[in-house]
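Comments concern the structure below.
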Amino acid sequence: MSNRFDLIIIGGGAAGFAAAIKADELGAKTLMVNAGLPMGGTCVNVGCVPSKRLLHIAEILHLARRNSVKRIDISVNFEFSKAVRDEIELVELLRKEKYERVLKNLKNVKYVEGFAEFLSDKEINVNGRRFTAEKFILAVGSKTAIPPVQGLRETGFITHIEALSLKKQPHELMIIGAGPMGLEFAQLFSRFGTKVIILEFQPTIFQQGEREIVERLHKLLEREGIIIETDAKVVSAKKVSGKKVLTYLINGKEKSVSGDGILVAAGKIPNTEGLGLEKAGVETDKRKAIIVNEYLETSNRNIYAAGDTINKPLRLETTAGKEGTLAAENALNSSKRSMDYSYVPYTIFTDPELSGVGLTEAELMKKVGRCSCRTLELSTVPKAIIKGRTEGAVKLVIHPETKEILGVHILAPYAGEIISQAMLMIKNRMTIYDVIETLPVFPTFSEALKLCALSFIKDVSKLSCCV
């Protein structure tokens, strides 16, 4: 293999693969260097794919045990080890299908396993071999942030990576952090039969979400038996009589909880350590995230970055893929393409799912001083009644004068599917009147968007199904 390339991509996850596919399309001689996680990075190996498989199994288990259909008793036998084995097999299948086979079809892309370190802004070292290129894309991803809790490392803990391959199910699991990862793992382990407590430093779970909708999810999770402590600062960890004990502060008062497992889900930090970025003239912020401009250029204009490792909002698989594509195009074509993060949706895959896109009510109030909002209960949606899933809600945030939809927030089964429609509403600057004129399929959960739009001008509780 020659050591000179047009483009070197460091990282083999979502952003790296998207960049490689675009580079191959453009005919650039490209090298992909990957280390740490196997090919495919976080999403397929230890992120979206395995966790959502376990969540799916947990949902089936939960619905079977607590089905809403009267007079039907369904007995369920569950083995934790079999669920984990199923999830691991799925990961291996998708890694092979979506990454290994894809790479083989990229004729202009070579692949090397190993940690890369910059020797200069045009040369890297990988396993003692030197490779040079005119352009680089950094897509090295992120890792779990470990909070500075006294005794935590000595006591022992797991991250999401180890949680996905446990041999034995924990009886009592303490989770530090109530972001997407903490909430998803809390629910799946709880539904598997583990006693779960979440300790969250912030005053609410998922601080970035629409508060009213997030609070509903909080109550639903507590109703399932998950204990959630907010405003909880974990200060120490230790072992006592074979148990792990976490001590935390709430309003200055000290409390403690014990269990046989600790899962750290307190956010993530970029994998920039050891890259030798200073030798390449690449600057990072205080979180060690790579600083990029709107075109994904770093402080060295021949080096681009994408995915979890950069200082942009909404670090998701979808944003990583799009950024990788744009970074490759900008690097190789000297173009100036950028992306708009204002209509990128997110989903937390609890059951029901929590999704959002655009502005929250608080954000719009801060921008214009006024907000026009409506919250629709799922109990007014026929499909939710049919399914016995009326516990959620949909909230629309609109401009008080133009009636343009600026934010959509959903707690519902399939919210992650419905939010894609909301994304297009915001991208296309639709008003509530535009949505009212649509004809969603009946009966579906997506009808809730039209019903919520109608609620601005009518009392939807007095409408028939045919509107």
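Lys239 has no carboxylate O lying under 4.0 Å from a charged side-chain N of Glu154, or vice versa, which leaves the two without a salt bridge. For the pair Arg337 and Glu329, the salt-bridge criterion is met [side-chain N within less than 4.0 Å of a carboxylate O]. Looking at Glu273 and Lys288, no side-chain N of the basic residue comes within less than 4.0 Å of a carboxylate O on the acidic one, giving no salt bridge.
In Lys322, the NZ atom is not crowded: 12 or fewer heavy atoms of neighbouring residues, nucleotides or ligands sit closer than 6.0 Å.
Distance alone, capped at 3.5 Å, is enough to place a donor-acceptor pair between the Thr194 side chain and the Pro170 backbone. Under a 3.5 Å cut-off, the side chain of Arg301 and the backbone N or O of Thr298 do form a donor-acceptor pair. In this structure a side-chain-to-backbone donor-acceptor pair under 3.5 Å is missing from Thr438 to Pro440.
Counting only heavy atoms from C-beta outward, the side chains of Met174 and Leu263 never approach each other to under 4.5 Å. Using a 4.5 Å heavy-atom cutoff, the side chains of Ile227 and Ile198 are not in contact. Between Phe201 and Tyr248 there is no side-chain heavy-atom pair separated by less than 4.5 Å. Side-chain contact between Arg216 and Thr375 is present, with at least one heavy-atom pair separated by less than 4.5 Å. Counting heavy atoms from C-beta on, the side chains of Val112 and Met32 never come closer than 4.5 Å.
A cation-pi arrangement is present between Lys29 and Phe5 under the rule of less than 6.0 angstrom and at most 45 degrees off the ring axis.
With values rounded to the nearest 0.5 angstrom, Leu221 atom CG is found 6.0 Å from Thr350 atom OG1. Distance CD/Glu92 to NZ/Lys96: 10.0 Å, rounded to 0.5 Å. Atom CG in Leu359 sits 10.0 Å away from atom NE2 in His399 (nearest 0.5 Å). To the nearest 0.5 angstrom, Glu361 atom CD is 10.5 Å from Ile213 atom CD1. Interatomic distance, Asp351 CG to His62 NE2, rounded to the nearest 0.5 Å: 6.5 Å.
Counted by atom type alone, Thr159 and Glu162 present one or more donor-acceptor pairs between their side chains at under 3.5 Å. Between the side chains of Asn311 and Arg287, no donor-acceptor pair of N or O atoms lies under 3.5 Å.
Looking at every heavy atom in both residues, Ala23 comes nearest to Thr30 through CB-OG1, 3.4 Å. Across all their heavy atoms, Thr204 and Glu200 have their closest contact at O-CG, 3.8 Å. Between Ala35 and Glu113, the shortest heavy-atom distance links the atoms CA-OE1, 4.2 Å. Heavy atoms only, all atoms of each residue included: Ser165 and Ile161 are closest at OG-O, 3.8 Å. The shortest non-hydrogen separation linking Thr347 to Ser355 is OG1-OG, 2.6 Å. Nearest heavy-atom pair, Val49 versus Val91, reported as atom, atom and distance to 0.1 Å: CG1-CG2, 4.3 Å.
Remark: aromatic rings of Tyr295 and Tyr304 are distant, center separation not under 6.0 Å. In this structure, Tyr111 has its ring center no closer than 6.0 Å to that of Tyr99.
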